[in-house]
Amino acid sequence: MGKKALFDKKYLGRVALYIAVSAAAIGLVFYIGFRLSSEMKSGLETVFASSVSYPDTISCDAYVLRDEVTVPLGASGQIPTPVVRDGEKVRAGSVVAEAYSGTTSGSQTKILLLEEQIEFYKRCQSQHLTVGDTTAIDREISDSVIGIRRAAESGSPDRAAAYKSDMLLDIRRLGVMTGRVTDFAAEIASLESEVASLRSGLGASLGTCTAPVPGYYYSECDGYEGVLSAENAASLTYSEVKDMISRAGACDPAASQNTAGKIMKSLKWYLACPMKKEEAARLQEGAGYTVTLKNNESRHLEMKVTSVLVGGDDSVVIFECLRLPEGFDFTRLQEASVTVSELNCFRLPVTAVRHYDGHEGVFILNRSVVTFRLIRSIREEDGYVLCEIASDAEPIPTSEVTEDGEPTYYYYLAENDLVIVSGTGLAPGMVWDPGK
């Protein structure tokens with residue numbers, strides 16, 4: 001056999017070329033795999049899909065309706081000085097304010113605060129209070145400080161004043177309970193002297209103002225008395241409520257200045273909440289719901305739906321409340337949140353939600369392999385998406401089949417799936433190697 005037969009240079013060249021191309025291809029595969037793995041590792045963040053209980057709410061405007069009667073002044077130009085606290089129950093004919101010729105701004109409020117503190121020390125004298133545990137008082141003072149700050153931030157001076165009143169009285173109590181104050185007679189004398197000084201600056205006494213009906217006294221009028229009224233609130237029609245709201249827009253708060261306050265005739269008051277018909281349809285007449293008003297975010301009220309009034313595509317829902325919370329801000333128009341139910345759902349960062357193959361879902365790590373899971377979004381809020389727990393729902397076929405010709409499916413997100421919330425270039429089948 002000749003050398004040509006043993007060493008075919010063209011043949012050897014083709015073999016060498018095949019080897020070189022194969023090596024390059026294998027190298028390219030490893031390089032791409034390394035790059036993908038590096039991309040997945042870089043910035044990869046995950047969270048477990050854990051079910052949470054989340055309030056399902058309706059946001060709407062709320063108009064406060066109260067059954068009120070104003071307390072008249074004897075003559076124009078008189079300046080009323082309340083002698084009872086806001087929200088205090090009074091009898092018909094009882095004195096609720098005294099009229100003076102020249103009271104200074106805020107002096108009547110200061111007098112009421114001081115008189116409450118005087119009454120407190122008198123009770124201490126008669127009951128022989130001694131040193132004791134201050135845990136509850138400390139907590140109440142802390143709550144009052146937080147309440148004052150929130151009231152100031154929301155522009156509610158009346159509510160801030162109510163918290164201040166409670167806080168000042170609690171501070172007096174704290175002094176007694178810690179043993180720092182023991183001479184009650186001296187404290188009473190000092191406070192009475194301060195009250196006398198304030199009263200001397202009120203000017204000439206021009207008489208008293210009495211409650212025309214029994215009820216709960218409030219020193220401030222806002223001009224909506226008799227317009228946003230709770231009278232016959234349970235039997236109002238849709239058009240009557242809309243007319244009431246329209247007339248309220250033309251009210252002039254200055255028109256109520258010639259009064260000495262008002263009497264709320266009953267503990268019962270209402271909210272009229274305009275909303276879309278489909279939102280109102282989620283609420284049932286006679287059922288109770290938790291309602292939170294924006295100016296009173298720390299107060300969650302249990303209110304009953306008395307009627308759902310429909311007008312075309314819109315509705316007005318009337319809520320009833322039987323409580324008069326102390327220090328509550330009754331500003332007539334506030335934003336409200338109505339808790340319809342508690343949702344049991346997944347709460348995922350918005351960055352986790354992806355669209356793949358025409359479906360909405362998320363990528364998860366399933367034993368280091370990237371897998372796509374379907375989700376059913378409920379709504380988005382505060383950078384998160386609320387999703388139904390639909391792990392038992394029927395899977396959806398994909399556009400691919402297995403090597404054996406069997407169909408493949410997309411499954412829904414399930415409890416404890418490890419959801420990828422960041423990262424780019426993700427696709428099903430990728431393998432994440434944390435060691436690289």
Side-chain angles (χ1 to χ4, degrees), residues 54-68 150-151 154-156 158-159 216 218 222-251 253 262 264-325 327-343 378-379 381-382 386:
Y54 206 78
D56 182 15
T57 61
I58 297 173
S59 297
C60 57
D61 288 335
Y63 293 85
V64 176
L65 313 180
R66 304 205 295 181
D67 191 4
E68 301 162 324
R150 288 178 175 171
S154 64
S156 305
D158 292 341
R159 189 157 55 99
Y216 301 85
Y218 288 87
D222 55 19
Y224 297 98
E225 292 79 15
V227 178
L228 291 176
S229 173
E231 189 175 6
N232 301 320
S235 60
L236 288 170
T237 66
Y238 176 82
S239 59
E240 287 172 338
V241 175
K242 296 297 285 186
D243 178 64
M244 180 187 295
I245 292 173
S246 177
R247 286 188 290 115
C251 284
K262 60 189 174 185
M264 184 175 173
K265 294 165 64 176
S266 168
L267 281 173
K268 189 183 297 184
W269 57 282
Y270 297 83
L271 291 178
C273 299
M275 60 182 69
K276 294 295 183 183
K277 184 170 67 175
E278 57 268 23
E279 292 178 323
R282 301 172 61 195
L283 305 172
Q284 296 182 355
E285 289 189 11
Y289 299 92
T290 300
V291 180
T292 305
L293 298 178
K294 183 166 184 176
N295 291 7
N296 303 273
E297 289 181 333
S298 61
R299 311 282 190 94
H300 306 295
L301 300 174
E302 294 304 316
M303 305 188 77
K304 184 179 74 172
V305 173
T306 61
S307 54
V308 178
L309 312 174
V310 180
D313 292 332
D314 295 318
S315 295
V316 176
V317 179
I318 306 297
F319 292 90
E320 175 190 88
C321 187
L322 299 177
R323 286 180 54 210
L324 280 179
F328 197 77
D329 184 342
F330 281 102
T331 298
R332 294 295 184 151
L333 173 59
Q334 300 183 41
E335 294 178 22
S337 175
V338 182
T339 301
V340 181
S341 62
E342 292 290 328
L343 289 173
I378 299 171
R379 65 172 181 268
E381 56 182 39
D382 301 328
L386 305 183

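Keep in mind that this is a model prediction, so the values were computed, not measured.
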Undergrad: Would you call Asp314 and Lys277 a salt bridge, taking side-chain N to carboxylate O under 4.0 Å as the test?
TA: no
Undergrad: Taking the side chain from Glu68 and the backbone from Tyr218, do they hold a donor-acceptor pair closer than 3.5 Å?
TA: no
Undergrad: For residues Ile58 and Glu279, report the shortest heavy-atom separation together with the two atoms involved.
TA: CD1-O, 3.4 Å
Undergrad: Sequence neighbours excluded, which residues qualify as side-chain contact (heavy atoms from CB on, under 4.5 Å) partners of Arg379?
TA: Tyr54, Asp56, Thr57, Leu343, Glu381, Leu386
Undergrad: Report yes or no: does Thr290 contribute a side-chain atom to a donor-acceptor pair with the main-chain N or O of Thr339 at less than 3.5 Å?
TA: no
Undergrad: Backbone N or O of Lys268 within a donor-acceptor pair of the Glu320 side chain at under 3.5 Å?
TA: no
Undergrad: Would you give the length of the straight line joining atom SG of Cys321 to atom NZ of Lys304, rounded to the nearest 0.5 angstrom?
TA: 11.5 Å
Undergrad: How long is the straight-line distance from CG of Leu65 back to OH of Tyr270, given to the nearest 0.5 Å?
TA: 9.0 Å
Undergrad: If I compare all heavy atoms of Asn296 with all of Asp329, which pair ends up nearest, and what's the gap?
TA: OD1-N, 2.8 Å
Undergrad: Would you say the side-chain atoms of Arg332 pair up with the backbone N or O of Tyr63, donor to acceptor, closer than 3.5 Å?
TA: no
Undergrad: Please round to the nearest 0.5 Å and tell me the distance separating atom OG of Ser246 and atom NZ of Lys242.
TA: 9.0 Å
Undergrad: Does some side-chain heavy atom of Ser266 sit less than 4.5 Å from a side-chain heavy atom of Asp67?
TA: no
Undergrad: Are any non-hydrogen side-chain atoms of Arg323 and Leu301 less than 4.5 angstrom apart?
TA: yes
Undergrad: State, with a plain yes or no, whether a side-chain heavy atom of Asp222 is found less than 4.5 Å away from one of Lys262.
TA: yes
Undergrad: Walk me through whether Arg66 and Leu228 qualify under side chain to side chain contact (heavy atoms under 4.5 Å, CB included).
TA: CA-CA 7 Å; Arg66 304 205 295 181; Leu228 291 176; over 6 Å; no
Undergrad: Side chain to side chain contact (heavy atoms under 4.5 Å, CB included) for Leu283 and Val340? Distances and angles first, verdict last.
TA: CA-CA 7 Å; Leu283 305 172; Val340 181; 4.0 Å; yes
Undergrad: Please assess Asn232 against Glu240 for the test side chain to side chain contact (heavy atoms under 4.5 Å, CB included), listing each intermediate value before the final yes or no.
TA: CA-CA 11 Å; Asn232 301 320; Glu240 287 172 338; over 6 Å; no
Undergrad: What are the two closest heavy atoms between Ala62 and Cys273, and how far apart are they?
TA: CB-SG, 3.8 Å
Undergrad: Do Tyr216 and Trp269 have their ring centres less than 6.0 Å from each other?
TA: no
Undergrad: So which heavy atom on Ile318 is nearest to which on Ala233, and how close?
TA: CG2-O, 4.2 Å
Undergrad: Flag the pair Leu333 / Tyr224 as yes when at least one side-chain heavy-atom distance between them is below 4.5 Å, and no otherwise.
TA: no
Undergrad: Do you know which two heavy atoms are closest between Met275 and Cys60, and how far apart they sit?
TA: CE-SG, 4.0 Å
Undergrad: Between Val316 and Leu236, is the side chain to side chain contact (heavy atoms under 4.5 Å, CB included) condition met? List the steps.
TA: CA-CA 10 Å; Val316 176; Leu236 288 170; over 6 Å; no
Undergrad: So, does Gln334 use its side chain to make a donor-acceptor pair with the main chain of Asn295 at under 3.5 Å?
TA: yes
Undergrad: Between Tyr289 (side chain only) and Gln284 (backbone N and O only), is there a donor and an acceptor less than 3.5 Å apart?
TA: yes
Undergrad: Does the side chain of Glu342 reach to within under 4.5 Å of the side chain of Pro55, using non-hydrogen atoms?
TA: yes
Undergrad: Tell me whether the NZ or CZ atom of Arg299 lies within the 45° cone about the ring axis of Phe328 and under 6.0 Å from its centre.
TA: no
Undergrad: Tyr238: which residues meet the ring-ring contact (aromatic ring centres under 6.0 Å, His included) condition with it, sequence neighbours left out?
TA: none
